Every structure is written in structure tokens, then in C-alpha cells.
Amino acid sequence: MRSSVLVLGIETSCDETAAAVVRAPAEGRAEALSSIVASQAADHAPFGGVVPEVAARAHVELIEPVTRRALAEAGVGLADLDAVAATAGPGLVGAVMVGLSFAKGLALASGLPLVAVNHLEGHAVSARLGADVPYPYLLLLVSGGHCQLIEALGPGRHRRLGSTVDDAAGEAFDKIAKALGLPYPGGPALEALAAEGDPARIALPRALEGREGCDFSFSGLKTAAARLAEAARSHEDRAALAAAVQAEIARQLADRSERAMRLYAAIGQARRFVVAGGVAANRAVRARLAAAAAAQGFSFTAPPLAYCTDNAAMIALAGAERLMAGCTDGLGAVARPRWPLDEAAARARPTHVVGRKGPKA
Ligand code: KG4
Ligand code: ZN
């Protein structure tokens, strides 16, 4: 096996066009030589959410300059690379297709292998861009589209311990932020407003408190908070509500994670806990999870802030790990709107809506 590989990663699953070059050793912390993220937030802001058609068109315009910049900042050319990795799902299929097709073109022209990466596996490995976290570890993946507790065993090997039965935590942040009149994307805006409020002033429903299992639920909180947002009269009211919402989401994430840690420790696995995904950028969430891990005797690792939200460095790293494990894909790799990390669990016990194309999460 090679001692390290150099991989170009491409990410276009939602509303960020991203490219990055990562050097990944066989073991230990990986190094991003560049990580370019062109956010389309301004294109989608007038609509209050991501518009799939707008995203796909913007990716088409941005993908080439963003990739050129990633190679230039890393100071490498295609000939220096070992592979091209691209997100192949889950995500907005028109958006995924742009990056995946572009990566196929690069692979064909350069003779490099293509690695089709699951976006969720990108989040799952992202902590290794800042720290040495060996497999196996317990992972809380908490983003705009997903909220799951996962046993990460190795590249392509994941076991789901729990998942949201309705909304993802990031979705709750975004929708409540919208009800509070905050700009899109809502999570960071809600965090800023929460800093000015007293979380103890407003009582919100506590979903699943004391309940068995490791599943999550955020829809009751979303509905209650939306009603309170309508009734909020002053800036102080709105800040108190934002603070209470943030505290309740952090509480639930920590409560379910502690349950998973106890299960995980009971089966004798190494006591390592990792959080990843956009919501891991939230400082209150990070602090609450760090305390939960400490209480259970687990180490706690969160990715550097830049690698919590969508980026291509995590895709390059997941691609590098697959490459080193001998997994590459042909040019026939397809874009998948749905692609659960633990496909067997998602089929056997779908906790999210099962659509025509199979389980979402
Ligand atoms: O991982 P990500 O960039 O995209 C998905 O794969 O979904 O996550 C985006 C989500 C959004 O819901 C966004 O509001 C949330 O992460 N987010 C945050 C923060 N930064 C991003 N939520 C709370 N606090 C933040 N600071
Ligand atoms: Zn993501």
C-alpha cells in the first residue's frame, strides 16, 4: 500500500460548488493543500431556500474555475494526482450530476481513476482533516438533510444506531430561523441571535426525553417555535426564543448521543465520539456534545469549522480512503438522489420517508 495519496475532490450535492486537493496518509491526520468553496447562498436567498434548478445552473458556471483554483492553490497539476473523487449522492440529482460528470471528464482525459463518493461518508471522515481519529468511532452526523448516529467501522462500512424520525436538526434550525425572519441559511444567523438571548426565559417541548433508543425528532419543536416566533414582539423576545431553540436542539443531540455512547461502550468499542456536518459548526452544540462525551469517558473530536459545512476536502479524503482500500469506480458511476450510509438498516427500518427511489437516510 502507498504511504500517502494525493486526491482532487469535487462536491456539488447542494448549493456549494467546491473543489479541494488533499494529501492523505495511510493512517493519521490528512492535510488539505487547498479547499475552495463557492457558496451560492446569495442566488438562493431571495427564495428562502435552495432551488434545485438554480443550483444546477450555478454549478455548471462555477465548477471549472473553482477546480482550476483548487489545483493552483495546491500547486499541483492533474499529473501529480492519484485519483479524482466526486460526490455521487445523496443530494439534488441535477446538482450532483454536474460535479460527477465534470470529474468523469477529468478522469477520462487524464487517465486517473475515478472514485464516486457518498457525501455522508465525506462528513463521516471530515474530522480527520484536523485530527488523528482512527476507526472505529461513534459518529453523530448532523447536517441540513441528515441527523444520524453511526458506528463508523471503515471506508464503506457503517452501522446506523439511530436517525431522525422527521426533520434533520439543520432543517429545524433553518425553518425556525425563517419563522424568526432571519436570512437564509438560518443556522449561523440563529446562532448569532441566540448569543443575545436568555435560553431559560422560554420553555419549549422536550422531545424524546428519557425515551429508549437513539432516534431523534425535531418537528414538534419546529411547530412550537414557529408559533412563538409569530407572537414575539421585541428583539429581546426573538433572541430569547433563538437561545431556547438552540439550547433544546443541543440538549436533544447530547441526550441521544449519550445513549448511543452507552450502547457503544457496552459492545466494547473504543470510546471515541465524533460529530460532523453543518450543525457541528454551532458552538453551543459543540460544547454540549463535548460535555456529554466527557461524562461518558469518550474522547471528543469535531472537524475544524471550515470542514463542518459542505466542502470538497472531505470528499477528497473519503475518496483517498476508498482508493487506498482498492475501491474505484468506472465512468458508468451514477448520480444517486438517495444513498444511505447503512443501506441494510435503511431498508429494514426506514426512519425517514421512503420514496419511490428507496430510503432517504
Ligand atoms: O453539512 P451542510 O453544509 O449541508 C448538508 O449536507 O446538509 O449543513 C448545512 C446545515 C444547514 O441546515 C445550516 O443551517 C446548518 O447546517 N448550520 C448551522 C450552523 N452552520 C451551519 N446550524 C446551527 N449553527 C450553525 N452555526
Ligand atoms: Zn453535507
Side-chain angles (χ1 to χ4, degrees), residues 9-18 20 35 37-41 44-45 48-50 52 55 87-92 95-96 99 117-127 129 139-148 150 164 167-180 182-195 216 218 221-222 225 242-243 245-253 275-289 302-315 317-318 337-341 352 360-361:
I10 289 177
E11 154 64 31
T12 62
S13 67
C14 192
D15 61 340
E16 326 272 8
T17 314
S35 178
V37 181
S39 171
Q40 306 170 4
H44 299 283
V50 179
T87 299
L92 304 170
V96 174
V117 172
N118 182 321
H119 177 85
L120 303 176
E121 184 157 14
H123 281 300
V125 302
S126 60
L129 287 161
L139 169 77
L140 171 66
L141 200 169
V142 65
S143 69
H146 299 272
C147 188
Q148 328 181 4
I150 300 271
T164 181
D167 295 336
E171 205 174 340
F173 267 114
D174 291 337
K175 289 186 176 154
I176 296 168
K178 196 171 176 182
L180 279 164
L182 296 171
Y184 169 86
L190 192 141
E191 180 173 9
L193 181 59
F216 303 85
F218 295 102
L221 173 71
K222 185 184 68 184
V245 163
Q246 179 175 270
E248 170 51 25
I249 292 177
R251 183 206 64 80
Q252 192 188 136
L253 293 173
V275 63
V279 177
N282 184 285
R283 282 166 191 81
V285 167
R286 280 166 100 105
R288 191 84 196 231
L289 292 173
L305 282 182
Y307 303 126
C308 289
T309 45
D310 288 348
N311 66 88
M314 68 184 196
I315 303 302
L317 176 54
R338 293 173 186 199
W339 187 359
L341 269 182
H352 222 301
K360 273 211 289 201

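Both ligands and their constituent atoms are indexed starting at 1 by order of listing. In this text, all values refer to a predicted model and were calculated from it rather than measured experimentally.
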Closer than 2.8 Å to the Zn ion (ligand 2) - protein N, O or S atoms, ordered by chain and residue number: H119 NE2, H123 NE2, D310 OD1
Protein residue, atom and distance nearest to atom 24 (N) of ligand 1, heavy-atom basis: N282 ND2, 3.0 Å
For atom 22 (N) of ligand 1, the protein heavy atom that lies nearest, with its residue and separation: G187 CA, 3.4 Å
Ligand 1-proximal atoms of Q246, by part, heavy-atom distance under 4.0 Å: neither
Under 3.5 Å donor-acceptor, R286 side chain and A280 backbone: yes
Heavy-atom side-chain proximity of H123 to D310 below 4.5 angstrom: yes
Proximal ligand 1 atoms for G145, defined as those under 4.0 Å from one of its heavy atoms: 7 (O)
Identity and separation of the nearest protein heavy atom to atom 21 (C) of ligand 1: G278 O, 3.4 Å
Side chain proximity check, F173 to P185, heavy atoms < 4.5 angstrom: no
Distance filter under 4.0 Å to E191 heavy atoms, resulting ligand 1 atoms: 24 (N), 25 (C), 26 (N)
Residue-ligand contact H146/ligand 1, heavy atom below 4.0 Å: no
G91 backbone acceptor or donor facing S13 side chain under 3.5 Å: no
Where ligand 1 meets G170 - atom numbers and elements under 4.0 angstrom, heavy-atom basis: 12 (O)
Nearest-0.5 Å distance, NE2 of residue H146 to CG of residue L140: 13.0 Å
Atom pair CD1/NZ of I176 and K222 - distance to nearest 0.5 Å: 8.5 Å
Side-chain touch R283/E191, heavy atoms, less than 4.5 angstrom: yes
Heavy atom of the protein closest to atom 9 (C) of ligand 1 (residue, atom name, distance): G144 N, 3.7 Å
From H44 atom NE2 to C14 atom SG, the distance as rounded to the nearest 0.5 Å: 7.0 Å
For atom 3 (O) of ligand 1, closest protein heavy-atom neighbour: D310 N, 2.9 Å
Residue pair E171 / C147, side-chain heavy-atom distance below 4.5 Å: no
Pair N311, E11: side-chain N/O donor-acceptor within cut-off below 3.5 Å: no
Nearest-0.5 Å distance, OG1 of residue T164 to CZ of residue F216: 8.0 Å
Atom pair CD1/OG1 of I315 and T87 - distance to nearest 0.5 Å: 3.0 Å
Contact atoms of ligand 1, heavy-atom distance to T309 under 4.0 Å: 3 (O), 21 (C)
Interfacing atoms of ligand 1 (cut-off 4.0 Å, heavy-atom, H123): 1 (O), 6 (O)
For D174, the ligand 1 atoms whose distance to one of its heavy atoms is below 4.0 Å: 11 (C), 12 (O), 13 (C), 14 (O)
K178 atom NZ, neighbour heavy-atom count above 12 within 6.0 Å: no
Polar atom proximity, P185 to ligand 1 (N or O, under 3.5 Å): no
C14 near ligand 1 by a heavy-atom separation under 4.0 Å: no
